[in-house]
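What follows is a single structure, written as C-alpha cells, with notes after it.
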Amino acid sequence: MARRPLPRILSSGTASLTRGRDLARTAADSATDVLHPLLVIGRGLRVLAGAGRRRWAATPKDKRGPALFLGAACVLVVALVPYGPLAALITLMAAAAWHGRDRSPARSGPSDAETERLRSLYEALVPYFSTPEDPSPLFAHGGDWEEAFSGYAFDEAGRVSRLRIRYPAYFTDGESASRARIEALLHAKSGRGREYLFDWDEEGNLLDLRVLAALPTGIAAQPFVTSPGETVLGFTDPGGVQRTLPVMEGDEPADVPPVIWRTGPRAAEPHLLAVGQPGSGTSTLLRSIALQALRHGGEVMIVEGGGSGEYACLTGRAGVLAVECGPTGALATVEWAANETERRLIATHRAREAGRPAPEDARRPLWILLDRPSVLAHLAAADGRPDPLGQLQVPLRHGRAAHITVVVAEHFDHLELLGDPVWQHTRARVVLGPAPAQQVADVLGLPPHTTPPPQLPPGRGYARLGTGPVHRLQVPATPDPYDDATHPAHRQAVLELLPERQAPGQGGGGPASPSRPLQVQPQPSSIEATDIPEVPAEAP
C-alpha cells in the first residue's frame, strides 16, 4: 500500500509555519486595536441583555402584562418625539460602553507571594548590609523592605526579574570578594537557572539586578558587514556595545550587537588568547577568524596541536599559506614567521628612510593561528626539539608594526605551558565554556558581572578587549564542514565562505622567499628547519 505524501505545508519545514503564526498573531493584534470600541460596546450590550433577562425572570407573572404595555408605550413615545430614536440609540450605546469597560482593578503593588519573596530577600541581605554600630540601619531584621528595594518586577512564575537595591554607604562595594558574596546570595534567592546582570553604582550606593535574555545561537558564519581590520568575535547583549550588525539568524534577518576586535598597526590589542574546555568552541572561534581574515585579503597560517584535522577544509585554499599538525612543521612555520616579521620591519624601515610607502608584501595582513600549541611543545620536548612557542616572541612583540596578528587557543589544563610573551602581548582575551568565576577572572583580569547560564552551548563565554568591560559572548556557528555530526545548514554556510582551491603549482611555485612563504603541508610531509631561507642581508 503506497503511503500518501504529507501536505506541502507540513513537509516544507517549520519556518513557513512560524512565519504564518507570526503573521496571524500580528493581524489579530491589529484588528483588536482597530475594533476595540466595537468590542467594548458589544460586551456592554451583552451585559445589558443579561441584566434584562434576569430582571424579566424576577418579575412576577401577574405584572408582566402591564410591564410590556408600559414598555411599548415608552417605545411609541420615543418614536414620535423629534430625534427620539437617535437620542435613544446614543443613550443605549453610551450605557453599553459604560457597562462594557474593563473593570479589572489596576495593580498598585506586589501580590502577597511577591511581597513574601521580597521580604525573604531583604532578610537574607541583613547580615551583609548592617553593622551593630549603625544607629538607624537600612537593613535590620523585621525592618521595612520598601525603603531598600525599588523598581522591582516579576516574571510569569512570580520570580524576581528586575530589582534595584539601595545599600548603606559603609558597605565595601570596592572589594570584589564582598560583591561576589552579594551576587551569589541574590543568584540563589532569586532563582537559579537564569542569567543575572549585576550593575553596581558605587557613587550612588545602588545595585541593579536584571535577568538577561539568552544570546542567539542560530547565527552561522556569514559575510559580516565590517571593514578591513575588524573581526567579529561573536555577539553580546544590546546594552554592552553601541553598534549592531545585520545578520541572518536562520532564515530571518536580524540586527544584533557584535563584539568587534580591531587589529592592525593602530590597534591597542593586536593579539588574542582564547581559553576553554574541550568542546567549548575555541576551534570554532579560530575558524571564524580565519574565514573573516581571508575574506578581507589576509594570509593565514594555521598550527594545529590537537591533530584532529579540524582545519583540513582550509588546506590548499587561496590565501592559506600553511596548515601544519606536526611538531617539526610547526617549528619550521613559527621560525619562518619570526623571520618574516624581521623582514617586514626592515623593509618598512628602509622604505620610510627613503621617503616611500612600505612595500605591498610588508603591509599585507598575516594571521598566525595556533590551536593547542602546548601539545606540540610537549611532543617537541620528547623528541629533543626546541619549543615552537619560543619562536613566537618576535611576532608577538613586533607583529603590530609588521601587520602580523597572532591568535592562540588553549585549554585550561595547559595554560601554565604558555610562556610569558603570550600572556604579556595577548591582551584581547576570550573564555569559552564552563569555568569557575576565579578561573575566568584569572584569564580576563576581571570577573564577569553576570552569573553563568544553566547550560552552555558551544561558543558561549566571555570576552574582554584590553582594559575594557567583560562582555557576554556567543561565537557564530562555524563548524568543520567535513564533520557530518554538525548542523547541515551551518556546514553549508562555512563551505560557501571558503576561498577557491589553488592548483598544485599555483601560489607555491618558484623559489621560496620571505615574501613568498613556504607551503607547509600537513603530515606526513614535513619541512625541516634547514629549508627555511635566511633573511637576505642588504648593504647599508
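Throughout, numbering of the chain's residues begins at 1 and tracks the sequence.
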I'd like to know if the side chain of Gln391 reaches the main chain of Ala338, judged simply by a donor and an acceptor atom lying under 3.5 Å from each other, with no hydrogens or angles considered. no
Given the rule in the salt bridge (Lys or Arg N to Asp or Glu O under 4.0 Å) test, do Arg243 and Glu230 qualify, once you have shown the distances and angles that lead to the verdict? CA-CA 13 Å; Arg243 176 178 176 180; Glu230 293 183 344; 3.2 Å; yes
So which atom in Ala347 and which in Pro359 form the shortest heavy-atom distance, rounded to 0.1 Å? O-CD, 4.0 Å
Taking side chain as C-beta onward, heavy atoms only, is Arg166 less than 4.5 Å from Phe129? no
Between OG of Ser308 and CG of Asp480, what distance do you get to the nearest 0.5 Å? 8.0 Å
Got more than 12 heavy atoms from elsewhere within 6.0 Å of CZ, Arg210? no
Keeping Arg317 on the side-chain end and Leu498 on the backbone end, is there a donor-acceptor pair under 3.5 Å? no
Go through it in stages, so that I can follow the logic: the residues are Thr217 and Gln474, the test is side chain to side chain donor-acceptor pair (under 3.5 Å), and I'd like the CA-CA distance, side-chain angles, deciding distance and then a yes or no. CA-CA 7 Å; Thr217 58; Gln474 177 63 53; over 6 Å; no
Without swapping roles, check the side chain of Asp237 against the backbone of Gly239 for a donor-acceptor pair under 3.5 Å. no
Taken to the nearest 0.5 Å, the spacing of Glu304 CD from Arg372 CZ works out to 9.5 Å
The criterion is salt bridge (Lys or Arg N to Asp or Glu O under 4.0 Å); which residues satisfy it with Glu195, sequence neighbours excluded? Arg460, Arg472
Less than 4.5 Å apart, any side-chain heavy atom of Gln292 and any of Ser288? yes
Under the 3.5 angstrom rule, does the side chain of Ser161 hit a backbone N or O of Ala153 as a donor-acceptor pair? yes
In terms of side-chain geometry, is the basic nitrogen of Arg464 or Glu269 positioned less than 4.0 Å from the acidic oxygen of its partner? no
With Leu497 as partner, the option from Leu291, Thr478, Leu294 fulfilling side chain to side chain contact (heavy atoms under 4.5 Å, CB included) is Leu291
Take Glu335 and Asn339, measure what side chain to side chain donor-acceptor pair (under 3.5 Å) needs, and give me the verdict at the end. CA-CA 6 Å; Glu335 285 182 352; Asn339 294 336; over 6 Å; no
Quick one: does any side-chain atom of Arg159 pair with a main-chain N or O of Gly191 as donor and acceptor, under 3.5 Å? no
For residues Asp371 and Tyr311, is any side-chain donor paired with an opposing acceptor at under 3.5 Å? yes
Applying side chain to side chain contact (heavy atoms under 4.5 Å, CB included), run through Leu273 and Val430 and close with a yes or a no. CA-CA 6 Å; Leu273 173 62; Val430 173; over 6 Å; no
Between Gln439 and Ala435, the two heavy atoms sitting closest are OE1-CB, 3.9 Å
CD/Glu500: more than 12 non-hydrogen atoms of other groups inside 6.0 Å: no
With distance as the sole test, does Arg491 use its side chain to make a donor-acceptor pair with the main-chain N or O of Asp483 at under 3.5 Å? yes
Does any part of the side chain of Thr333, heavy atoms only, come nearer than 4.5 Å to the side chain of Ile368, both counted from C-beta? no
The reported gap from CZ in Phe235 to NE2 in His471 (rounded to nearest 0.5 angstrom) is 14.0 Å
Can a salt bridge be assigned to the pair Glu340 and Arg343 using a cut-off of 4.0 Å between side-chain N and carboxylate O? yes
Taken to the nearest 0.5 Å, the spacing of Ile289 CD1 from Leu233 CG works out to 5.5 Å
Heavy-atom neighbours of Arg266 CZ exceed 12 at 6.0 Å: no
Are any of the side-chain heavy atoms of Leu207 and Tyr167 separated by less than 4.5 Å? yes
What residues form a salt bridge (Lys or Arg N to Asp or Glu O under 4.0 Å) with Asp208, not counting sequence neighbours? Arg164
State, to 0.1 Å, how close Ala293 and Val300 come at their nearest heavy-atom pair, and which atoms those are. CB-CG2, 4.1 Å
Atom of His403, atom of Pro265 and distance for their closest heavy-atom approach: CE1-CG, 3.1 Å
Would Trp200 and Glu183 satisfy side chain to side chain donor-acceptor pair (under 3.5 Å), going step by step from the backbone distance to the final call? CA-CA 10 Å; Trp200 291 83; Glu183 294 174 1; 3.0 Å; yes
Looking at Gln455, I want to see if its CD is surrounded by more than 12 non-hydrogen atoms of other residues, nucleotides or ligands under 6.0 Å. no
Can Arg181 and Glu175 be said to form a salt bridge (Lys or Arg N to Asp or Glu O under 4.0 Å), step by step? CA-CA 10 Å; Arg181 286 194 298 268; Glu175 300 178 2; 5.7 Å; no
Is it true that Arg287 and Glu310 have a side-chain N and a carboxylate O under 4.0 angstrom from each other? yes
I'd like to know if the side chain of Arg295 and the backbone of Phe224 have a donor-acceptor N/O pair within less than 3.5 Å. yes
With a 6.0 Å cut-off (strictly less than), is the heavy-atom count around NE2 of His296, excluding the residue itself, greater than 12? yes
Non-hydrogen atoms of Ala409 and Pro373 that approach each other most closely: O-CD, 3.5 Å
Under 4.0 Å between a Lys/Arg side-chain N and an Asp/Glu carboxylate O for Asp361 and Arg344? no
Minimum side-chain heavy-atom gap Leu370-Leu286 below 4.5 Å: no
Can you confirm whether Trp261 sits close enough to Leu465 that some side-chain heavy atom of one is under 4.5 Å from a side-chain heavy atom of the other? yes
Is there a side-chain contact between Ser190 and Tyr196, using heavy atoms and a 4.5 Å cut-off? yes
Check each of Leu473, Val241, Val470 against Thr236 using the side chain to side chain contact (heavy atoms under 4.5 Å, CB included) test, and report the only one that passes. Val241
Tell me whether Glu203 at atom CD has more than 12 heavy atoms from other residues, nucleotides or ligands lying less than 6.0 Å away. no
I want to know whether His449 and Phe198 have ring centres closer than 6.0 Å. no
If you look at every heavy atom in Arg400 and Pro270, which pair is closest and at what distance? CB-CB, 3.9 Å
Are Trp367 and Thr231 packed together at the side-chain level, in the sense that at least one heavy-atom pair is separated by less than 4.5 angstrom? yes
Short N-O contact, Glu299 and Arg364, less than 4.0 angstrom: yes
